[in-house]
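Note that the coordinates shown come from a computational prediction; the quantities given were computed from them, not determined experimentally. Remember, it's 1-based here, ligands and their atoms both numbered in the order they're listed.
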Amino acid sequence: MTDIPLQLQQPQYRFIVLKSKSKTPIQKWTQTTNHYRYDNPYIKRHITEGGNVALILGTKDGTSYGNIIAIDFDNEEVQQKCLPKLPKTFTIKSGGKGLLHLYYKTDKTRILRITKEINGENERLVDVQGPGTIIVCPPSTHPSGKQYTVHDNSPINFIEMKQVKETLLPFHTSKLKAEQKYKTSQKTQKAKTGLLKNITDLGLTIKQIMQDLGMNINKNPTECIFHNSKGKASFSWDNSKGIYHCFGCGEKGNELTLLRKLNGK
Ligand SMILES: [Zn+2]
């Protein structure tokens, strides 16, 4: 195989470039200028020269790229039990353990990590890769030297996130949270453009960042930008100390972490 699989050759999908036989990105992949369509000459040359590629999954910032999730199995027994319950879809066989990655379109993109505890260690059984993540795809080569291959060339099917959870969550027995956090906020996205200008002003304060985010700074605590609260008064901040804390969702930090959150990291 010398090209990106046909099912992934869709105009809305974007890829990033990785080092050869590696999962390490060559370029800063959060930057949209480093996102390539399958037919981009740069990515084509990169593949010809033996480089790896990864698909950008359902993103959190509104540039959906098709809102794809990937169910990424890391345990054969769990995979065998789950497969009959999941709709037939485009599937990749990983170059690592040879387990499967099932690609789906979905209604609500989420990131899940299903784990079980063995001798005090949390073992990963299956991940749902989604917003803020990527998945290595053919014609990439795994660090082990084995290629990622197409296991089922069906078109990418649709699945409700409800069904994904119903299928996978029963296997989650560790104390860790199965649902991984990511920030979904269009407010954040809108504010980003204005904020990036301000980053050069090193005199940033919490209040100023909040103002740029369109948050109500006339209240303290005020409405949190990281979660949808009913009371709209869970986010408290101290401008002189340069800290904030949301009692609703637990987000806390300083000017830098607030900026970093906004930058999607
Ligand atoms: Zn909150």
Side-chain angles (χ1 to χ4, degrees), residues 28-32 56-65 67-69 106-115 122 124 127-134 160-166 168-169 172 174-265:
K28 197 168 185 225
W29 80 268
T30 47
Q31 236 166 282
T32 51
I56 301 171
L57 295 163
T59 56
K60 55 191 163 186
D61 58 7
T63 53
S64 78
Y65 295 159
N67 268 341
I68 301 294
I69 54 160
T106 189
D107 50 349
K108 295 169 191 156
T109 49
R110 291 284 183 277
I111 309 171
L112 301 177
R113 171 154 287 187
I114 309 300
T115 48
N122 292 300
R124 192 174 77 96
D127 276 337
V128 176
Q129 309 283 10
T133 64
I134 53 169
E160 279 182 34
M161 187 47 70
K162 192 169 163 266
Q163 189 184 347
V164 174
K165 287 184 176 177
E166 280 170 2
L168 303 183
L169 285 178
H172 184 74
S174 84
K175 289 189 199 89
L176 296 179
K177 260 193 176 172
E179 186 150 344
Q180 306 290 302
K181 255 209 230 166
Y182 74 96
K183 307 300 173 293
T184 175
S185 167
Q186 284 170 355
K187 274 195 248 173
T188 304
Q189 186 56 26
K190 270 187 206 160
K192 230 167 110 176
T193 324
L195 249 179
L196 287 173
K197 281 183 211 148
N198 286 344
I199 288 172
T200 49
D201 298 348
L202 287 171
L204 274 179
T205 64
I206 293 282
K207 197 170 162 183
Q208 193 189 335
I209 299 167
M210 288 171 63
Q211 207 164 9
D212 285 343
L213 283 166
M215 293 174 79
N216 182 359
I217 54 159
N218 298 315
K219 277 195 333 186
N220 192 356
T222 188
E223 186 178 2
C224 177
I225 201 164
F226 294 107
H227 83 285
N228 291 319
S229 72
K230 285 179 191 137
K232 299 189 188 302
S234 56
F235 186 99
S236 67
W237 83 96
D238 186 322
N239 204 50
S240 60
K241 287 184 184 160
I243 51 172
Y244 62 90
H245 182 207
C246 172
F247 297 99
C249 66
E251 282 293 338
K252 60 179 176 182
N254 55 26
E255 293 96 342
L256 270 177
T257 59
L258 193 55
L259 278 173
R260 213 175 279 143
K261 298 278 181 203
L262 293 171
N263 211 14
K265 285 174 200 160

Contacts of type side-chain contact (heavy atoms from CB on, under 4.5 Å), residue Asn228, not counting sequence neighbours: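 Here no residue qualifies.
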Looking only at non-hydrogen atoms, find the nearest pair between [X] and [Y] and report the distance.
X      : Y      : result
Ser236 : Asn220 : CA-OD1, 3.2 Å
Thr106 : Ile69  : CG2-CG2, 3.8 Å
Pro131 : Thr109 : CG-OG1, 3.3 Å

Polar protein atoms (N, O or S) that approach the Zn ion (ligand 1) to under 2.8 Å: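 Under 2.8 Å from the Zn ion (ligand 1) - ignoring waters, which are not counted - the protein N, O or S atoms are Cys224 SG, His227 ND1, Cys246 SG, Cys249 SG.
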All salt bridge (Lys or Arg N to Asp or Glu O under 4.0 Å) counterparts of Glu160, not counting sequence neighbours: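 By the salt bridge (Lys or Arg N to Asp or Glu O under 4.0 Å) rule, Glu160 matches no residue at all.
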Results of side chain to side chain donor-acceptor pair (under 3.5 Å) for Lys165 - residues two or more places apart only: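 With sequence neighbours excluded, Lys165 shows a side chain to side chain donor-acceptor pair (under 3.5 Å) to Glu179, given in chain and number order.
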